[in-house]
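Because only heavy atoms are used, hydrogens play no part in the values below, and waters and symmetry mates are left out as well, while side chains stay in. Just so it is clear: chains get the letters A, B, ... in the order the sequence lines come, proteins before strands, and each one is counted from 1. In this text, all values refer to a predicted model and were calculated from it rather than measured experimentally.
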Amino acid sequence: MLEKNYNPKDFEEEIYKNWEENGDFKPDMRSDSEAFSIVIPPPNVTGYLHMGHALDDTLQDILVRYNRMLGKKVLWQPGTDHAGIATQMVVERNLAKEGITRHDLGREKFIEMVWNWKAHSGGTICKQLRRLGASCDWSRERFTMDEGLSRAVLKIFVSLYKDGLIYKAKKLVNWDPKLATAVSDLEVVQKEIVGKMYYYKYPIEGEKGEFIHIATTRPETMFGDTAVAVSKDNEKLKHLIGKNCILPIVNRIIPIVADDHADPEKGTGAVKITPAHDFNDFEVGRRHNLPMINILNEDATLNENTPFEGLGTQEARQKTIEKLEELGLMEKIEDHQMVIPYGERTGVVIEPLMTDQWFVDAPKLAIEALRVVENGQMQFVPKSYEKTYFEWMRNIQPWCISRQLWWGHQMPIWYGPDGTIFCEEIEQQAQAKADEHYGKKVKLTRETDVLDTWFSSGLWAFSTLGWPDKTEFLDTFYPTSVLVTGFDIIFFWVARMMMMSMYMMKRVPFKKCYIHGLVRDEHGQKMSKSKGNTVDPMETIETYGADALRFFMAAMETQGRDVNLSDSRIAGYRNFATKLWNAARFCEMNECKYAKDFNPYDVKSAVNKWIVEKANQATSEVTKNLNDYRFSDAANTVYQFVWGTFCDWYIELSKPIFYGEDAEQIAETRATAAWVLDRILIILHPFMPFITTKLWDNTENREVKLIHAKWPEIKSADDDTQQIDWAIDLISNIRSMRASMNLPATAKLDVYLKDMSQTSISYLPQMEKIVCSLARLEKIEVFENGQEISKDMVQSVFREGLILIPLKGVVNFAAERERLNKELDTLNRNLQGYERKLSNASFVERAPANVVAEEKRRQAEALENKAKIIEALNRIKYL
RNA sequence: GGGUGUGUAGCUCAGGUGGUUAGAGCGCUACGUUGACAUCGUAGAGGUCACAAGUUCGAGUCUUGUCACUCCCACCA
């Protein structure tokens with residue numbers, strides 16, 4: 001028995017527990033059916049579920065549940081990411097509360113603390129995913145720092161190194177001074193700010209009173225200047241090329257070089273060159289073989305190569321300006337709009353710094369990763385995202401993979417006493433190689449750097465399935481079927497998975513990549529903590545249930561567009577669930593029981609034939625849309641069928657049957673209603689797994705659980721639905737007349753149909769009862785030819801004929817005239833359209849014959865109807 | 001500067017291959033306690049599909065241009 005009210009909180013968690021405990025999410029490895037697999041984009045172990053996850057994981061769960069019901073062997077592989085920077089920061093923050101830093105503990109102790117933290121506080125998000133209904137196989141949950149996945153990391157690292165695709169280099173990298181580590185280009189965000197532009201001058205060597213004028217936003221970097229560049233095309237300044245100038249304060253002699261980097265239009269036309277602290281200057285330095293002077297410490301304070309050792313960049317900037325002013329070299333300071341790089345995680349200004357780092361030769365790995373997208377082995381959905389992918393991959397830079405952190409995969413690199421590098425999976429091997437190399441036992445020191453988190457994430461598609469071991473899961477589920485993720489992650493993750501997989505597996509990691517947009521607030525604003533417009537999905541689930549949130553995500557997911565969150569809309573889908581709940585209660589109350597030997601294609605009554613056909617139409621539409629990843633179309637089809645067809649019409653049409661006497665019809669309708677409800681539960685299950693399961697289990701002795709129920713294969717009976725469609729149309733028309741004439745809903749009317757076709761007339765005997773019931777009529781009859789239309793009959797055009805309602809003297813003629821005139825207006829407007837087209841000779845000549853014929857038919861019908869309305873108007877003209 | 005999208009009802013958005021009177025949810029108006037449901041029902045109002053030109057018998061849909069906005073990449077002189 002169903003409770004009166006739909007209350008998702010009462011059953012959602014319980015149902016999930018039942019699935020998980022019964023192993024319903026595990027693939028049946030004994031089955032020989034087709035495999036379907038998805039690896040979850042691993043959330044950070046520190047993370048909490050946000051609306052972006054809710055969207056991403058709902059879409060995945062829909063695909064997973066749908067494919068499971070198709071009878072495939074389905075694996076949704078879950079897990080979390082160790083999230084190097086994020087996790088280290090969380091634990092360090094906790095330590096800071098006790099006034100200690102990680103350095104007080106030492107590396108080993110600190111890492112132990114991180115593992116402790118993970119054991120106690122990590123993985124909240126996995127619990128939240130369960131609450132959302134995600135049917136992942138949790139027994140296979142993985143973590144990027146697991147033993148197995150770490151082995152995969154070591155193996156692929158060594159392989160890449162030995163293939164020359166990983167190398168160490170001293171390069172200018174993005175340096176996060178707060179964390180004291182290198183970060184990748186992608187972890188840097190550019191922010192626009194209003195800063196200052198400083199203008200000052202350097203004296204020219206040996207030419208008293210001659211200066212070269214410089215403009216910069218960072219005067220304090222002048223201590224790293226090793227040249228000034230001027231374009232050779234700069235008419236005003238090119239005479240200075242080849243001379244030297246004197247770097248003030250430190251009085252270093254530096255050359256003035258010719259380089260096109262110096263744009264004559266910008267600034268003063270002369271650029272100070274600081275090769276060790278600017279990416280462009282670095283290139284200039286290389287071209288002119290300039291020395292590099294590093295002026296910063298790891299924490300971005302100035303170092304011993306400057307007069308302001310120990311000062312931060314801001315203070316040093318102030319001091320530099322003061323000093324230049326003292327020397328009379330400062331000229332002016334202007335406000336200047338500029339873009340400054342910040343660390344994505346730490347929010348501090350990123351400094352380009354010369355350091356030893358490790359790089360992956362991404363341009364080489366990109367070749368294969370590009371090829372398999374170009375030739376369609378991996379397809380983006382929507383396709384347009386491949387442009388984004390191509391654009392980035394074709395311009396890819398070497399990927400800096402070393403991080404000066406503690407939490408992460410420590411690189412399998414050992415250095416010999418003279419710095420020779422030994423790269424092996426385990427220390428013993430490296431030791432053996434080293435001993436052989438040196439011809440004696442030597443002491444090795446291990447590289448302290450760890451790998452960028454995305455390095456291990458890049459292996460996710462195969463490392464989670466057991467690689468490097470040969471496993472049944474790897475054989476069965478690799479390549480995975482589809483990857484579902486946001487467009488913001490294409491570079492970070494999709495591209496890297498493609499490169500790593502093509503390198504190691506020689507096969508794509510996934511055959512399709514479905515890309516969705518961002519979840520925004522209801523006015524399309526990006527959600528952010530600082531704006532205070534974030535919404536916690538757990539609270540939404542608490543209020544409306546997981547099913548409502550999931551359905552919302554599906555219904556709003558149209559390919560390639562962002563999803564705007566809307567509380568009222570989520571409430572609407574909660575209402576939809578309530579509606580279904582009540583429909584199920586209706587079925588229950590009317591003893592609509594699932595009948596084992598019921599054959600929907602054998603039903604006799606027009607109403608039942610109609611709903612079976614409509615159910616099949618809806619099913620095939622949902623199937624098609626899901627196959628095409630058209631989530632919103634799929635969801636809307638189910639919604640429309642449940643509410644607009646089943647509840648609004650079928651249930652209403654079944655009432656006169658249930659309250660009537662015909663036992664045979666009652667029995668058939670009960671069985672049909674139960675069958676349709678089951679069908680609804682099946683096709684709705686991927687979207688709303690909880691309520692559908694709850695209602696499914698309300699029927700005793702089910703042969704299968706809904707989660708494993710078979711997705712229907714459509715056998716169209718091609719049943720004629722026109723009779724019921726006609727009745728529905730008729731009922732709607734009568735209701736509309738009733739409303740516009742302000743007739744009380746309770747008044748039972750007589751209705752006549754005039755000038756109807758033979759087909760329509762043939763429908764009437766069967767449809768009479770339901771029309772009378774739903775339109776609240778006393779009787780409905782054919783208006784015989786030759787009968788006189790009386791003045792107190794209101795009339796309205798219905799298809800090829802007229803609906804007449806005698807009102808026995810209560811007609812409000814003014815209202816009736818108004819209503820008829822409105823009908824007339826509509827007809828005239830349509831007629832104009834038809835006439836315009838048909839009077840156009842080239843339309844008649846060139847448009848397809850069926851289009852022209854249809855237009856003619858409409859015109860003829862409209863003309864006839866117009867005549868009838870005019871006649872009716874004339875009849876009551878003066879009343 | 002390079003690239004990518006978007007502009008349709010009061011709001012948020014659908015409208016694969018051009019073809020009836022352009023749809024949905026929410027909101028709004030009127031009526032309604034009809035034996036599943038007021039988290040509801042019935043009926044209704046509301047749109048020059050950003051603008052301009054073009055292709056076509058026919059354009060919300062295709063082409064070009066204009067305007068406005070979004071996002072991504074690059075850019076610290």
Peer 1: Within residues 825-838 of chain A, which residues have any heavy atom lying less than 4.0 Å from an atom of RNA chain B?
Peer 2: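 Residues of residues 825-838 of chain A under 4.0 Å from RNA chain B: A/Asn830, A/Tyr834.
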Peer 1: If you write RNA chain B from 5' to 3' in dot-bracket form, with Watson-Crick or G-U pairs under 3.5 Å, [ ] for crossing pairs and | for pairs with another strand, what do you get?
Peer 2: (((.(((..((((.....[...)))).(((((.......))))).....(((((..]....)))))))).)))....
Peer 1: When you check the phosphate oxygens OP1 and OP2 of B/A36, does a side-chain N or O of A/Lys655 lie under 4.0 Å from one of them?
Peer 2: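 Yes, within the criterion.
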Peer 1: Any non-hydrogen side-chain atom of A/Val228 less than 4.5 Å from a side-chain atom of A/Val257?
Peer 2: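 The answer is no, as the side chains (C-beta and beyond) never meet within the 4.5 Å cut-off.
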Peer 1: Name the orientation class of the two ring planes belonging to A/Phe551 and A/Phe576 (parallel below 30°, tilted from 30 to 60°, perpendicular beyond 60°).
Peer 2: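 Because their plane-to-plane angle lies in the 30° to 60° range, the rings of A/Phe551 and A/Phe576 count as tilted.
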Peer 1: Whole Å only: how far is the CZ atom of A/Arg857 from the P atom of B/U20?
Peer 2: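 In whole Å, B/U20 P lies 13 Å from A/Arg857 CZ.
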Peer 1: Would you mind classifying the nucleic acid contact of A/Glu192 as base, sugar-phosphate or nothing, using non-hydrogen atoms under 4.0 angstrom?
Peer 2: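 Nothing, no nucleic acid heavy atom in range.
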Peer 1: Just checking A/Tyr573 against A/Tyr639, ring centres under 6.0 Å apart?
Peer 2: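 Between A/Tyr573 and A/Tyr639, the centre distance is under 6.0 Å.
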Peer 1: Hey, does A/Asn733 have a side-chain heavy atom less than 4.5 Å from the side chain of A/Ser736?
Peer 2: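 Not in contact.
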Peer 1: Using a 4.0 Å heavy-atom cut-off, does A/His261 contact any base of the nucleic acid, only the sugar-phosphate backbone, or nothing at all?
Peer 2: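 It contacts base atoms.
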Peer 1: Between A/His213 and A/Phe211, how do the two ring planes meet: parallel, tilted or perpendicular, split at 30° and 60°?
Peer 2: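 Taking A/Phe211 first and then A/His213, their aromatic rings sit tilted (interplane angle of 30° to 60°).
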Peer 1: Between A/Asp567 and A/Tyr544, do the side chains contain a donor N or O and an acceptor N or O under 3.5 Å apart?
Peer 2: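 Indeed, the side chains of A/Tyr544 and A/Asp567 share at least one donor-acceptor pair under 3.5 Å.
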Peer 1: Anything under 3.5 Å between a protein N or O and an N or O of nucleotides 12-14 of chain B, put it in a table, one pair a line.
Peer 2:
from: B/U12; atom 1: O3'; to: A/Asn564; atom 2: ND2; distance (Å): 2.6
from: B/U12; atom 1: O2; to: A/Arg569; atom 2: NH1; distance (Å): 3.3
from: B/C13; atom 1: OP1; to: A/Asn564; atom 2: OD1; distance (Å): 3.3
from: B/C13; atom 1: OP1; to: A/Asn564; atom 2: ND2; distance (Å): 2.2
from: B/A14; atom 1: OP1; to: A/Thr558; atom 2: OG1; distance (Å): 3.0
from: B/A14; atom 1: OP1; to: A/Arg561; atom 2: NE; distance (Å): 2.7
from: B/A14; atom 1: OP2; to: A/Arg561; atom 2: NH1; distance (Å): 3.0
from: B/A14; atom 1: OP2; to: A/Arg561; atom 2: NH2; distance (Å): 3.2

Peer 1: Applying a 4.0 Å non-hydrogen cut-off, can you work out what A/Ala571 is touching in the nucleic acid: base, sugar-phosphate, or nothing?
Peer 2: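 No contact at all - A/Ala571 keeps every heavy atom at 4.0 Å or more from the nucleic acid.
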Peer 1: Give one of base, sugar-phosphate or nothing for A/Ile350, where a contact means two heavy atoms less than 4.0 Å apart.
Peer 2: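 Touches a base.
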Peer 1: Nearest whole Å is fine: how far is B/C26 P from A/Asp567 CG?
Peer 2: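 To the nearest whole Å, that distance equals 13 Å.
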Peer 1: So, using side chain to side chain contact (heavy atoms under 4.5 Å, CB included) as the criterion, who are the partners of A/Tyr659 when residues are at least two apart?
Peer 2: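 Side chain to side chain contact (heavy atoms under 4.5 Å, CB included) list for A/Tyr659, sorted by chain: A/Phe586, A/Asn590, A/Lys655.
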Peer 1: Using atom CG of A/Asn174 as one end and atom C1' of B/C75 as the other, report the distance to the nearest whole Å.
Peer 2: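 After rounding, the reported distance stands at 13 Å.
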Peer 1: Using only side-chain N and O atoms of A/Tyr389, determine if any of them is under 4.0 Å from OP1 or OP2 of B/C73.
Peer 2: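 For A/Tyr389, the contact criterion (side-chain N or O under 4.0 Å from OP1 or OP2 of B/C73) is not met.
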Peer 1: Whole angstroms only, please: what is the CZ-P distance between A/Phe552 and B/C26?
Peer 2: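 Interatomic distance, CZ of A/Phe552 to P of B/C26: 13 Å.
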Peer 1: Does B/C76 have OP1 or OP2 sitting under 4.0 Å from an N or O in the side chain of A/Asn280?
Peer 2: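 Yes, within the criterion.
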Peer 1: Contact class for A/Lys624 vs. all strands (heavy atom < 4.0 Å): base, sugar-phosphate, or nothing?
Peer 2: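 The answer is base, as A/Lys624 lies within the cut-off (heavy atoms under 4.0 Å) of a base atom.
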Peer 1: Determine the contact category for A/Cys647: base if any of its heavy atoms lies under 4.0 Å from a base atom, sugar-phosphate if only primed atoms, P, OP1 or OP2 are that close, otherwise nothing.
Peer 2: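 Contact class for A/Cys647: base.
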Peer 1: Do you know which of A/Phe487, A/Phe380, A/Trp493 makes ring-ring contact (aromatic ring centres under 6.0 Å, His included) with A/Tyr389?
Peer 2: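 Answer after filtering A/Phe487, A/Phe380, A/Trp493: A/Phe380.
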Peer 1: Quick one, give me the B/S/- string for nucleotides 39-46 of chain B, reading 5' to 3', where B means a protein heavy atom under 4.0 Å from the base and S means that only happens at the primed atoms, P, OP1 or OP2.
Peer 2: BSSSSSS-
Peer 1: Is there aromatic stacking of A/Trp581 against B/A36, centre distance under 5.5 Å, plane angle under 30°?
Peer 2: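 A/Trp581 vs B/A36: stacking no.
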Peer 1: Checking side-chain polar atoms at under 3.5 Å, does A/Ser839 have a donor or acceptor matched by the opposite partner on A/Lys837?
Peer 2: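 Their side chains do not contain a donor-acceptor pair, so the 3.5 Å distance test is not met.
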Peer 1: Rounded to whole angstroms, how far apart are CG on A/Asp263 and C1' on B/G1?
Peer 2: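 Distance, rounded to whole Å: 12 Å.
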Peer 1: Which residues in residues 841-850 of chain A have at least one heavy atom lying under 4.0 Å from any atom of RNA chain B?
Peer 2: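 Within this stretch, A/Ser842, A/Phe843, A/Arg846, A/Ala847, A/Pro848 sit under 4.0 Å of the strand.
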Peer 1: Among side-chain atoms of A/Asp521 and A/Asn564, is any donor-acceptor pair under 3.5 angstrom?
Peer 2: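 The answer is no; no qualifying pair exists.
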Peer 1: Please state how far atom CD1 in A/Ile340 lies from atom C1' in B/A74, giving the value in whole angstrom units.
Peer 2: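 Computing the A/Ile340:CD1 to B/A74:C1' distance gives 16 Å.
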Peer 1: For A/Asp185 and B/C75, what is the distance between atoms CG and C1' respectively, to the nearest whole Å?
Peer 2: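 After rounding, the gap between these two atoms is 14 Å.
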Peer 1: May I ask you to say what A/Ile651 touches in the nucleic acid, namely base, sugar-phosphate or nothing, with a heavy-atom cut-off under 4.0 Å?
Peer 2: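 Base, at least one base atom sits under 4.0 Å.
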Peer 1: Under a 3.5 Å threshold, yes or no: a donor from one side chain and an acceptor from the other, between A/Glu588 and A/Asn698?
Peer 2: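 There is such a pair between these side chains.
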Peer 1: Aromatic rings A/Tyr514 and A/Phe631: how do their planes relate, parallel, tilted or perpendicular, breaks at 30° and 60°?
Peer 2: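 Rings of A/Tyr514 and A/Phe631: perpendicular, as their planes differ by over 60°.
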Peer 1: In whole angstroms, how far is the C1' atom of B/C72 from the OH atom of A/Tyr385?
Peer 2: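 That distance rounds to 10 Å.
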Peer 1: Decide yes or no, distance alone: a donor-acceptor N/O pair under 3.5 angstrom between the base of B/A74 and the side-chain of A/Gln397.
Peer 2: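 Donor-acceptor pair under 3.5 Å: no.
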Peer 1: Which nucleotide in the set B/C76, B/C75, B/G35 lies at the smallest distance from any side-chain heavy atom of A/Val339?
Peer 2: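 From the listed options, B/C75 comes nearest.
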Peer 1: Would A/Arg857 and A/Glu855 count as a salt bridge (Lys or Arg N to Asp or Glu O under 4.0 Å) here? Give the steps.
Peer 2: CA-CA 5 Å; A/Arg857 195 195 61 74; A/Glu855 207 71 11; over 6 Å; no
Peer 1: Just checking, is any N or O donor in the side chain of A/Lys201 or A/Thr268 under 3.5 Å from an acceptor N or O on the other one?
Peer 2: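 There is no such pair (donor and acceptor under 3.5 Å, judged by atom type) between the side chains of A/Lys201 and A/Thr268.
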